[in-house]
Student: 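I'd like to ask some things about the structure below.
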Amino acid sequence: FDELEVKKPKVWDGTWRLVSYDLPEKSGHIRNILREYLKTWGFYPFQESVFLHAYPCGREVDFLREYLGVGKYVRILLVKKIENDNIYREFFGV
């Protein structure tokens, strides 16, 4: 895990990555681990169980969800437009 990171490309492709998860209540410990790694990798907390990133992160998220055994509870959404995205653009420098 310590070597994984979401790298910033030279040019942003204009696609937002939303990582959404809905883990069972009994998986609270796993949920906390997932959330902490997303924060460590520079994700922006979009909503309670939704994190946002501007750069390609599928490989990292795939690895994390498979390692934690929560693949069926975690989804990656690729989004072209978010209303009023100035705060996110500023956060990611795009």
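What you see below is based on every heavy atom in this structure, not just the backbone, and it leaves out hydrogens, waters and symmetry mates.
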Student: Would you say N32 and R35 are linked by a side-chain donor-acceptor pair, where the criterion is simply a distance under 3.5 Å?
Tutor: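 Distance-only check passes for R35 and N32.
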Student: Which heavy atom of A54 sits nearest to which heavy atom of D13, and what is that distance?
Tutor: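 Where A54 meets D13 most closely, the heavy atoms are O-OD1, 4.2 Å.
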Student: For the residue pair Y73 and P24, establish whether any side-chain heavy-atom pair is separated by less than 4.5 Å.
Tutor: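 The answer is yes, as the side chains (C-beta and beyond) meet within the 4.5 Å cut-off.
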Student: Give the ring-plane orientation class for F51 versus Y21, where under 30° counts as parallel, over 60° as perpendicular and anything between as tilted.
Tutor: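 Parallel, since the angle between the ring planes stays under 30°.
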Student: Quick check: closest heavy atoms across L4 and R59, and the distance to 0.1 Å?
Tutor: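 Heavy atoms only, the tightest pair is CD2-NH1, 3.7 Å.
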Student: Rounded to the nearest 0.5 Å, how far apart are CH2 of W16 and OH of Y88?
Tutor: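 Atom-to-atom, W16:CH2 and Y88:OH are 8.5 Å apart.
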Student: How far does CG of D85 sit from CZ of F91, to the nearest 0.5 angstrom?
Tutor: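 These two atoms lie 14.0 Å from each other.
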Student: Are H53 and F92 close enough, and set up right, to give a side-chain contact (heavy atoms from CB on, under 4.5 Å), and what steps lead you there?
Tutor: CA-CA 8 Å; H53 213 298; F92 290 104; 3.6 Å; yes
Student: Kindly indicate whether the side chain of R65, heavy atoms from C-beta on, has any atom under 4.5 Å from the side chain of I76.
Tutor: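 Touching, per the 4.5 Å side-chain cut-off.
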Student: Hydrophobic clustering (ILVMFWY, side-chain heavy atoms < 4.5 Å, transitive) - are I87 and Y55 grouped together?
Tutor: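 Both belong to a single hydrophobic cluster.
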Student: Would a 4.5 Å heavy-atom cut-off, applied to side chains only, mark L52 and I82 as touching?
Tutor: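 Yes, close enough: below the 4.5 Å cut-off.
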Student: Using a 4.5 Å cut-off on heavy atoms from C-beta on, say whether the side chain of L34 contacts that of L23.
Tutor: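 They are in side-chain contact.
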Student: If you look at every heavy atom in R75 and G71, which pair is closest and at what distance?
Tutor: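 Looking at all heavy atoms of both residues, the shortest contact is NH1-O, 3.1 Å.
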Student: In Å and rounded to the nearest 0.5 Å, what is the CG to NE2 distance from L68 to H29?
Tutor: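 So the CG of L68 and the NE2 of H29 are separated by 9.0 Å.
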Student: Would you call the rings of Y37 and W41 parallel, tilted or perpendicular if under 30° counts as parallel and over 60° as perpendicular?
Tutor: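 Aromatic pair Y37/W41 classed tilted.
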Student: Do any N or O atoms from the side chain of R31 and from the backbone of D22 form a donor-acceptor pair under 3.5 angstrom?
Tutor: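 Not at all, since once roles are kept as given, no pair shorter than 3.5 Å links the two residues.
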Student: Mind checking whether R17 and P56 have side chains closer than 4.5 Å, heavy atoms only?
Tutor: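 Yes, side chains in contact.
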